[in-house]
Amino acid sequence: MVLLILLVAALNCSPGGSRVVRRSAAHMGTVVTISVVATSKSHGEQSIDRGFAEIARLEQMLSSYRATSVLSRLNAMAGAGPVSVPEEFIELILVAQEVAASTGSAFNPLMGPAVKLWGIPENPRVPSPEALEALRPLTDLAGLSVMPQRGTVALSRPGMALGLGGIAKGYTADRVTEILKGLGVTGGVVAISGDVRVFGTQPDGSPWRVAVQDPGGGPDPIAVIEMSGGALSTSGDYQRFFEQDGIRYHHILDPRTLRPTRGLASVSVLTADGVRADALATAVLVMGAVEGLAYVEASAGVEALFVDQNGHLTATSGWPKRP
Ligand code: AMP
Ligand code: MG
């Protein structure tokens with residue numbers, strides 16, 4: 001399910017002796033690959049250890065699959081008053097709210113109950129319109145309140161569930177990048193499935209090359225981007241889905257219909273930080289080709305590549321040309 005492949009020369013060593021050290025491991029329900037430029041193999045391996053330790057720590061805070069996570073504790077208290085949460089959790093919720101506000105609620109971190117009703121991917125089924133509509137009050141963003149001064153978050157109604165699946169991978173990629181930089185790593189790539197954060201360059205000074213996978217399943221990437229910083233996130237209808245009567249039902253829901261989005265096969269968003277790239281990729285897939293393109297063109301420092309169901313590509317005006 002790795003969405004982006006990294007095209008990096010094997011055993012890329014510079015004359016100064018720095019090299020790329022890389023490791024993949026399963027985390028956050030997917031494959032994470034950390035690549036670092038290191039002065040020695042042991043420096044690289046130690047840095048990567050610290051990176052994966054940070055991922056494990058954040059997973060324990062942000063996962064909805066772990067009953068003891070901060071997120072699960074908050075959801076268990078839905079309708080029962082404010083819950084004290086760590087400062088970084090508040091920071092992340094504030095970004096989620098900011099993206100929700102700027103995208104007309106296309107990004108909605110309260111879709112959890114609806115996602116659960118669709119049962120994607122564990123127990124897939126098409127819910128009745130009545131069952132879906134009954135959940136609508138639980139998805140109302142007004143029911144999520146954050147009190148940064150008090151360090152609390154509250155969900156106003158029982159049954160509400162905050163879900164960070166659309167933003168947590170990009171946020172985690174940012175945090176891991178900060179850890180690696182703090183260890184003196186001069187360049188690297190943190191790829192959490194389709195959420196990729198890059199810093200610095202390869203040992204020979206050339207940019208990293210990040211490829212965007214064909215959502216149609218073709219062997220060739222649809223784009224290869226040269227990056228020496230910033231983040232690239234892709235959301236698509238082909239990552240988690242089921243099909244019934246020739247219709248594909250996938251894991252990203254349009255908050256207006258509470259149904260999987262139709263129209264775009266994937267959206268890739270390029271911007272400075274992983275947390276916004278991740279949330280915006282999800283949001284823009286929901287907004288669709290017309291509204292999504294207008295939104296990204298109007299957003300400073302954000303570019304996007306859209307792929308429709310026929311494999312037709314549309315890029316925003318500042319999307320990098322093929323190297
Ligand atoms: P991503 O792969 O980043 O696009 O995130 C997809 C995940 O975000 C889904 O598996 C859901 O948990 C969650 N999600 C679904 N629909 C939305 C939405 N409209 N806004 C925010 N998160 C969503
Ligand atoms: Mg996302």
Side-chain angles (χ1 to χ4, degrees), residues 1-4 28-32 62-65 71-72 75 92-93 95-124 132 135-136 138-141 144 160-174 191-197 212-213 215 231-242 249-271 273-288 291-292 295-296 302 304 306-307:
M1 210 190 59
V2 176
L3 185 58
L4 291 130
M28 307 185 95
T30 187
V31 177
V32 181
L62 306 175
S63 172
S64 58
Y65 294 100
L71 182 71
S72 296
N75 288 340
L92 177 56
I93 306 311
V95 178
Q97 284 189 322
E98 167 206 310
V99 175
S102 83
T103 60
S105 300
F107 187 82
N108 181 335
L110 296 181
M111 296 305 290
V115 172
K116 200 166 160 199
L117 192 60
W118 282 93
I120 300 168
E122 292 88 2
N123 181 23
L132 274 175
L135 295 180
R136 189 174 291 282
L138 303 179
T139 66
D140 180 358
L141 284 164
L144 168 66
M160 282 184 131
L162 188 67
L164 300 172
I167 191 169
K169 294 189 191 78
Y171 175 75
T172 301
D174 285 342
I192 307 182
S193 187
D195 298 293
V196 180
R197 173 70 201 268
V212 181
Q213 190 186 311
L232 176 66
S233 278
T234 300
S235 286
D237 70 359
Y238 58 98
Q239 293 167 297
R240 289 182 187 178
F241 67 88
F242 67 99
Y249 298 100
H250 63 97
H251 67 142
I252 300 171
L253 304 184
D254 184 334
R256 293 165 293 201
T257 61
L258 304 176
R259 296 167 171 279
T261 66
R262 306 296 295 275
L264 291 170
S266 80
V267 173
S268 299
V269 168
L270 200 52
T271 193
D273 56 355
V275 66
R276 285 179 181 78
D278 188 355
L280 287 175
T282 308
V284 171
L285 191 87
V286 171
M287 292 165 106
E291 199 192 335
Y295 171 83
V296 177
V302 185
F306 301 75
V307 187

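Remember, it's 1-based here, ligands and their atoms both numbered in the order they're listed.
- Take the Mg ion (ligand 2) as the corner point: the lines to O of Gly166 and to OG1 of Thr282 open at 100°, to the nearest 10 degrees.
- Considering every non-hydrogen atom in both Thr271 and Ala277, the closest pair reads CG2-N, 3.6 Å.
- Listed here is the closest heavy atom pair of Arg256 and Val286: NH2-O, 3.4 Å.
- The side-chain heavy atoms of Leu280 and Phe107, taken from C-beta on, include no pair separated by under 4.5 Å.
- Arg136 CZ: more than 12 foreign heavy atoms inside a 6.0 Å radius.
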Could you go through ligand 1 and list every pair where one of its N or O atoms sits under 3.5 Å from a protein N or O, giving the atom names and the distance to one decimal?
residue: ligand 1; atom: 3 (O); partner: Asp278; partner atom: OD1; Å: 2.9
residue: ligand 1; atom: 3 (O); partner: Thr282; partner atom: OG1; Å: 3.0
residue: ligand 1; atom: 4 (O); partner: Ser235; partner atom: OG; Å: 2.5
residue: ligand 1; atom: 4 (O); partner: Thr282; partner atom: OG1; Å: 2.7
residue: ligand 1; atom: 5 (O); partner: Gly165; partner atom: O; Å: 3.3
residue: ligand 1; atom: 8 (O); partner: Gly166; partner atom: N; Å: 3.2
residue: ligand 1; atom: 10 (O); partner: His251; partner atom: ND1; Å: 3.0
residue: ligand 1; atom: 16 (N); partner: Leu253; partner atom: N; Å: 3.1
residue: ligand 1; atom: 19 (N); partner: Ala106; partner atom: O; Å: 3.0
residue: ligand 1; atom: 19 (N); partner: Leu253; partner atom: O; Å: 2.8
residue: ligand 1; atom: 20 (N); partner: Asn108; partner atom: N; Å: 2.9
residue: ligand 1; atom: 20 (N); partner: Asn108; partner atom: O; Å: 3.3

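- Residue contacts to the Mg ion (ligand 2): Ser233 brings no N, O or S atom closer than 2.8 Å.
- When the N, O or S atoms of Asp278 are ranked by distance to the Mg ion (ligand 2), OD1 comes first.
- A heavy-atom distance below 4.5 Å is not found between the side chains of Tyr249 and Pro124.
- The Mg ion (ligand 2) does not have Ala279 among its coordinating residues (no N/O/S atom, backbone or side chain, under 2.8 Å).
- A donor-acceptor pair is defined here as one N or O able to donate and one able to accept, closer than 3.5 Å; no such pair exists between the side chain of His251 and the backbone of Val115.
- A donor-acceptor pair under 3.5 Å is formed between the side chain of Asp174 and the backbone N or O of Gly274.
- Distance alone, capped at 3.5 Å, places no donor-acceptor pair between the Asp195 side chain and the Ser233 backbone.
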